[in-house]
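The analysis underlying the following values was restricted to heavy atoms, covering all of them including side chains, and did not include hydrogens, waters or symmetry mates.
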Amino acid sequence: MEIKSICVIGGGRMGRQIALDAAIHGFKAVVYDLKQEVCDDVVSWAEEYLAGRIAKGRMTEEQVAKTKSLFFVESDLQKAVADVDCVVEAIVEIEDVKRNLFRQLSDILPEDTIIATNSSAMVSSKFAGDVKNPARLCNMHYYNPALVMKFVEVVQGAHTAEATAKACYDFCIACGKKPAWMRKELAGFLGNYVYGGLSSRAKWVVHHGYCSPQDVDIALEEGRGAKMGPFRTNDLTGIDLSYDMMTAAYKRTGEKPDMYDIYGDMVSKGYLGRKSGRGFYDYTNPEENNALKPIKTDRKIESICVVGGGRMGRQIAMNAAISGFKAAVYDVAEEACADVEKWAEEYLAERITKGRLTEEQVAATKARFSVERDLKKAAADKDLAIEAVAEDFEIKSKVMKNLSEIMAEDAIIATNSSAMVSSKFVDAVKNPSRLCNVHYYFPALVMKFVEVVQGEHTAEDVGAACYNFCLACGKKPVLMKKELAGFLCNYVYGGLLQRARYLVENGYCTPQDVDTAMEYGFNYKMGPFRTQDIAGFHVTYAILKKQYEETGKKPDMYDYYTKMIAEGRLGKASGKGFYDYT
């Protein structure tokens, strides 16, 4: 089974783009619409679009001529579908209207012609009873705009022949797309289902007062490489559309969705997103609106001590020194201190060589940067101490206690822990109101994102001072007003990971399919499984193992990870992980 020609039913924005994209890639493509005025508009639009491609140097005149010879518009259904290998439905999202169309197509078409629905919500099994030979029926869901977006979801229902799904998948690849092949149906398909886990957690943290919508966007954009966070994306798609969907869910379930009142208030004020000039962001003055500003506070940080000379600790301190702060690194081991000093020399010399820092800037940085084996010398006179030692509660508690005894009672003590909230250490610290989380992402000299987390015990000026310090170090920090397991970025992104693992565990798709969805459907630099290959998924596996030990319930993909580790597939560093790097 092979697709060499298609007919797209529906001359709207999506239908016409699917057909023209196919014609550009060498397939005969027909657009059918019942209304002649729509057909005329499609013809005019195609002429303008292709002329624009020539003007911009994207296509040659010869390529445009060939495309035009393959692109047709018809208002007669019989003529439109004659001799095509695949018919793609791209009409209104009304089930009965689609059902009637499928019955009509089933009577007209040969029984081996593929019928695909581009529905963004309805699985093809809804219409299996309306089609003769439903083995040729599947979902082929393009993302809008279809001429630009690479991602397409091919969804194989229980009724769908594998040859049907494969033909659609191969067709998408031939059209330059990056398709995912779902082996089972699922509400929301792949992209929206996985992204929905992230989106629902994003709304939850805002609804419950942990942070602002803008904080969530910073976390996902700077911490996870998203081109746009969920609320910035929402401004693009329309606040009113989201509110309508939330209202429908509210009526259906009787449960008010998180942030429902916030969305309702925005709609009533006309804050509908980019199209109205304002949504979660103000597009009338975007530079001013998007700028991160210091928080007003009398407390200032001018010097820091970082406890722990490992990769993270030394980079936090170096970043501070480069940014104009006095910064000391403390480590108990003599060889660790010697290694930090050597690393600092090499790193700063490299900055000069690459033109990133001048010799004067390096000299000033060196004057501010020191390495100490005596904790009292390192920390006693500092405004802020950040512990960056092993993720062990006992070790961290001891560090906190020692810092508490050495430093002034109003000096801030912070933990860079990637998992433990600062409230775990209140008993180890005198005056715990000066205790908080300041969680850098690795590598700290490169990554902009830092999470500052206030616990109930934390004074507000402590959180504000740490936020301002991070800002002054060139970071894009967020200030969380309440503690949360996993903090902001990992908690919100964890909703995506949880659903991604569920799909793989239950045979809906492969890890690579999930990555394709996030990279090409939602513009992430790397999907979750590719990210784990780069970072090494030993951390993910350790978390899953701990969950298994604590709950007795095996997490999704636990056996998958166990098998990969046993085979030595540890990620990019080992040559193989979810991908083969050899």
Side-chain angles (χ1 to χ4, degrees), residues 201 204-212 215-216 218-219 223 295 297 299 301 304-308 312-313 316 375 379 382-441 444 449-470 475 477-495 539 542-543 546-547 549-551:
R201 287 197 180 186
W204 187 88
V205 292
V206 175
H207 181 84
H208 291 278
Y210 287 91
C211 61
S212 70
D215 288 334
V216 175
I218 289 169
I295 299 170
T297 178
R299 186 187 281 262
I301 294 170
I304 73 164
C305 165
V306 182
V307 179
M312 181 64 92
I316 293 172
L375 184 59
K382 302 299 189 295
D383 303 312
L384 165 67
I386 302 173
E387 73 75 15
V389 298
E391 286 290 296
D392 180 287
F393 175 72
E394 297 301 328
I395 294 173
K396 288 182 184 294
S397 294
K398 187 175 180 181
V399 169
M400 298 287 194
K401 186 178 179 182
N402 289 341
L403 288 170
S404 182
E405 289 172 354
I406 290 169
M407 302 179 78
E409 279 215 14
D410 61 346
I412 299 169
I413 299 175
T415 172
N416 183 57
S417 172
S418 59
M420 299 178 216
V421 290
S422 67
S423 59
K424 282 182 171 286
F425 307 105
V426 292
D427 292 337
V429 176
K430 297 172 186 173
N431 182 22
S433 66
R434 40 94 172 254
L435 176 64
C436 70
N437 285 86
V438 179
H439 177 227
Y440 284 74
Y441 275 55
F449 184 54
V450 184
E451 292 163 314
V452 177
V453 187
Q454 288 181 191
E456 286 186 7
H457 56 281
T458 311
E460 283 199 12
D461 65 342
V462 167
C466 289
Y467 177 91
N468 291 345
F469 164 73
C470 293
K475 302 302 183 186
V478 299
L479 175 57
M480 293 185 69
K481 297 292 187 177
K482 296 193 287 185
E483 291 182 332
L484 179 71
F487 313 135
L488 176 54
C489 188
N490 286 337
Y491 175 78
V492 174
Y493 193 75
V539 175
I543 293 168
K546 188 175 181 182
Q547 286 177 2
E549 290 169 353
E550 290 177 353
T551 66

Original post:
Side chains of Asn468 and Ile301: closer than 4.5 Å at any heavy-atom pair?
Top reply: no
Original post:
How far apart are the closest heavy atoms of Lys475 and Val450, and which atoms are they?
Top reply: CG-CG2, 3.8 Å
Original post:
Heavy-atom distance under 4.5 Å between the side chains of Ser422 and His457, does that happen here?
Top reply: yes
Original post:
Is there a side-chain contact between Tyr440 and Ile386, using heavy atoms and a 4.5 Å cut-off?
Top reply: yes
**OP:** Using a 4.5 Å cut-off on heavy atoms from C-beta on, say whether the side chain of Val453 contacts that of His439.
**Re:** no
Original post:
Any idea which heavy atoms bring Pro477 and Ile218 closest together, and the distance?
Top reply: O-CD1, 4.3 Å
Subject >> Nearest heavy atoms of Ser397 and Phe425, plus distance in Å >> reply: OG-CD2, 3.5 Å
Original post:
Is the closest side-chain heavy-atom distance between Lys382 and Ile304 below 4.5 Å?
Top reply: no
Original post:
Of all heavy-atom pairs between Asn437 and Ser417, which one has the smallest distance, and what is that distance?
Top reply: ND2-O, 4.3 Å
Subject >> Asn416 versus Val438, closest heavy-atom pair with distance >> reply: OD1-O, 3.1 Å
Subject >> Glu456 with Lys482: basic N within carboxylate O range, under 4.0 Å >> reply: no
Original post:
Closest heavy-atom contact between Cys211 and Asp215?
Top reply: CB-OD2, 3.5 Å
Subject >> Residue pair Asn490 / Tyr441, side-chain heavy-atom distance below 4.5 Å >> reply: yes
Subject >> Listed partners of Asp383 passing salt bridge (Lys or Arg N to Asp or Glu O under 4.0 Å), at least two apart >> reply: none
Subject >> Side chain Glu451, main chain Leu488, donor-acceptor under 3.5 Å >> reply: yes
Original post:
Does the side chain of Arg434 reach to within under 4.5 Å of the side chain of Ile413, using non-hydrogen atoms?
Top reply: yes
**OP:** For His208, check ring pair (Phe, Tyr, Trp, His ring centres under 6.0 Å) against everything at least two apart and list the hits.
**Re:** Trp204
**OP:** Using the side chain to side chain contact (heavy atoms under 4.5 Å, CB included) rule, pick out the option among Leu435, Val429, Asn431 that qualifies with Ser404.
**Re:** Val429
Original post:
Any side-chain heavy-atom pair from Arg299 and Val462 closer than 4.5 angstrom?
Top reply: yes
